[in-house]
Amino acid sequence: MVARVNDLSTEAKRDRLEDLAPEELAEIEAEDEEDEHDLPDLPNVDDYDEVRMRAAPNPNGPWHIGHARMPAVIGTYKERYDGSFVVRFDDTDPETKRPDLDAYDAILDDIDYLGFEPDDVIVASDRLETYYEHARDLIDAGGAYTCSCSGETFSELKNSGEACPHREKDPETIREEFEAMVDGEYDSGEMVLRVRTDIEHKNPALRDWVAFRMIDTPHPREEAAEYRCWPMLDFQSGVDDHLTGVTHIIRGIDLQDSAKRQRFVYDYFDWEYPEVIHWGHVQVDAYDVKLSTSTLKEKIEAGDLDGWDDPRAPTLKSLRRRGIRGEAVVEALIGLGTSTSNVDLSMSSIYAANRELVDDDAERYFLVRDGERFDVEGGPDAGHPPIHPDHEDRGERTIPAAGGVVLEPGDVPAAGERVWLKGYACVRRERDGASAIGADSETLVATDDDIDVVRDGDVDVVHWAPAEDNIDVQMRTPDGDVTGVAEPDFAETTVDDVVQFERVGFARVDEHGSEESVVYWTHP
RNA sequence: GCUCCGUUGGUGUAGUCCGGCCAAUCAUCUUGCCCUCUCACGGCAAGGACCAGGGUUCGAAUCCCUGACGGAGCACCA
């Protein structure tokens, strides 16, 4: 019987089911029609009035490509669920993760580039009093104690599951010592406030973790410079997530234990812990430079990179300068999903998304790199290729040929061979000896071939530029700078235009200087 | 050492919760063809994956076990 059912085709089974249980069939087919999202649905959305998320960057520099994943994803979820998100700068370590004062605005600028706008922006170092208040409440609830063990001593005790003597201090002392911490009466390392969790918890990472510690170095922000007692991420972040109404937390797998740690605090306060999603790390191919803000900062300071927007840097500022739209970056990052495994992002997926966005508007020009000069005889004075092959109404360009042309070395035909100068005509390279003056006087002679020679595959079409009255161009790319000359009409482009240098690739016009023009290579 | 987590084509992803419609989706990628006065755009086609081994079952990418590989945490960093 079962075998007979198995032998039925899908169609047949469907028909049979329709007879037997039409309502169940409807249900099954409804499931199939669920619209497809690139991102998985967030968990338990219906349990909340509004989906609220947060991005919690450490303001230590402008963002690299990997950082864009957070705003890309939560911004997309915000749109899907009509939710909101807050940007919270977690700048609670003035020493080892010392904030960079320029980074706050730089990061907001990067989010703007990606096309998203945070509903709120808050800064943790503005909120110390709030954290202190909650610490006091936690102490009163018996959930924290001051501890003067050295890190090493406590670590040993903790690893063997033993409490330190400070754990059973009387509440009065704990309160006094914590106030002394707040008042800055201890030096770095002398005293911490620990959350009382479970000293025998099977996961050593969760045992009585530090909530506050002393830091001697003043915070770079003036508003926070007087504070010496600073909360650790797990405490600060946990409190803020609750206070700002965050319903869905998305963060890296490196913080997998954070939720478990923070739950102890939430339990003391009788708060509901938000939904949590952990995702893996992102690596990006095509760059020599590591995806690390501190590494980038070092390279810039050492002069290996010209700045955060150097085309060789895997930063958002760099992509922006290259003419890649934030939208394309978002699209590629969304495609990575939110899985817990580490992922590699191919730049080609960003390029593919961007090409689709810019191709229609990108005017076509010729750029010849490392050009070889030729005289042209027998043809018209100029060539007239279209500005855009799909839009004749945009007109055509004018490229003078009478004064000679330059070709890329790879496009130079062998003596006696033909090549089609795009928008101009078919030319044949003279054989050696036709002129006695030498290499500089090599000549291309226009033939009367019509375009059929190209259609038949006998002659290659190449791009070219005039040998005189051309425009010097420096093109900056992730692999270094290249130079070349562009046709005269290229001067009519304006800064920020993304153009396509035919057979070379897309580029963003960065500057038209008196000596030369500078463009940034976008992608093939 | 202790504790978590993961493993689908070159890359990413869907499917895994609730086993059958999955000889496995979509995108990117690579190759070929068509279009084309670009190696762009567009069109067509092809290529390429369920980590391994056991088990449960009529049936396993999906459930269970073991192993391998990879990642993360055990910080007075974020």
Side-chain angles (χ1 to χ4, degrees), chain A residues 1-3 5-6 8-11 13-14 28 32 36-40 56-60 90-93 95-97 147 149-151 154-155 158-159 161 188-194 201-207 209-215 230 232-234 236-237 251-258 260-261 278 280-281 285 331-337 339-353 355-356 358-360 362 364 366 383 385-386 388-390 420-426 451 453-455 459-463 500-506 524:
Chain A
M1 178 66 201
V2 170
V5 172
N6 281 349
L8 290 173
S9 72
T10 304
E11 304 276 306
K13 278 191 271 194
R14 185 194 173 282
I28 289 167
D32 288 347
E36 288 172 23
H37 294 301
D38 280 318
L39 289 173
N58 173 354
N60 63 343
D90 283 352
D91 57 346
T92 55
D93 184 350
E95 198 165 282
T96 57
K97 295 267 171 153
C147 172
C149 290
S150 72
F154 188 85
S155 178
K158 181 196 67 182
N159 287 334
S188 169
E190 284 187 342
M191 188 69 78
V192 299
L193 184 76
R194 290 184 184 282
H201 194 103
K202 66 174 182 173
N203 184 348
L206 309 188
R207 298 171 187 166
W209 47 275
V210 172
F212 286 82
R213 82 299 207 187
M214 306 302 298
I215 294 178
W230 287 91
M232 299 286 289
L233 174 78
D234 283 326
Q236 173 266 125
S237 169
R251 61 183 161 208
I253 44 174
D254 48 326
L255 263 22
Q256 273 176 127
D257 288 336
S258 276
K260 294 169 187 165
R261 279 199 275 252
H278 293 282
H281 299 292
D285 66 0
E331 198 176 319
L333 255 4
I334 291 301
L336 296 182
S339 80
T340 54
S341 12
N342 294 344
V343 294
D344 292 326
L345 172 69
S346 295
M347 284 305 292
S348 62
S349 62
I350 293 181
Y351 294 164
R355 197 178 293 119
E356 196 174 321
V358 302
D359 184 67
D360 202 56
R364 267 57 171 173
F366 290 157
H388 196 296
D390 299 335
W420 191 288
L421 302 184
K422 181 166 176 173
Y424 182 73
C426 185
I451 195 61
V453 296
V454 170
R455 292 191 176 129
V459 175
D460 290 332
V461 174
V462 302
H463 58 109
Q500 188 202 59
F501 288 125
E502 296 192 56
R503 306 208 309 139
V504 172
F506 292 82

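All figures in this text were calculated on a predicted structure; none of them were measured in a lab. Proteins come first, then strands; the chains are lettered A, B, ... in the order of their sequence lines, and each starts at number 1.
A search for ring pair (Phe, Tyr, Trp, His ring centres under 6.0 Å) contacts involving A:Y424 returns A:W464, not counting sequence neighbours. For the side chain to side chain donor-acceptor pair (under 3.5 Å) test, residues two or more places apart in sequence or in another chain that qualify with A:S258 are A:D234. Under the salt bridge (Lys or Arg N to Asp or Glu O under 4.0 Å) criterion, A:E502 pairs with A:R397, A:K422, not counting sequence neighbours. Checked against side chain to side chain donor-acceptor pair (under 3.5 Å), A:E190 has no partners two or more places apart in sequence or in another chain. Applying the side-chain contact (heavy atoms from CB on, under 4.5 Å) criterion to A:D254, with sequence neighbours excluded, gives A:H281. Under the rule for a salt bridge (Lys or Arg N to Asp or Glu O under 4.0 Å), A:D91 has no partner lying at least two apart in sequence or in another chain. Applying the side-chain contact (heavy atoms from CB on, under 4.5 Å) criterion to A:H201, with sequence neighbours excluded, gives A:D198, A:N203, A:L206, A:R207, A:F264. Scored by the side chain to side chain donor-acceptor pair (under 3.5 Å) test, A:R364 finds A:D359, A:H388, A:Q500 as partners (sequence neighbours excluded). Residues forming a side chain to side chain donor-acceptor pair (under 3.5 Å) with A:S150 (at least two apart in sequence, or on another chain): A:T153.
Listed by first residue number, the stems of RNA chain B with at least three Watson-Crick or G-U pairs below 3.5 Å are B:1-7 with B:68-74, B:10-12 with B:26-28, B:29-34 with B:42-47, B:51-55 with B:63-67.
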Would you list the protein and nucleotides 42-45 of chain B atom pairs, both N or O, that sit under 3.5 Å from each other?
none

Which parts of nucleotides 68-78 of chain B does protein reach within less than 4.0 Å, heavy atoms only, written one letter per nucleotide 5' to 3' as B for base, S for sugar-phosphate only and - for none?
---BSBBSBBB
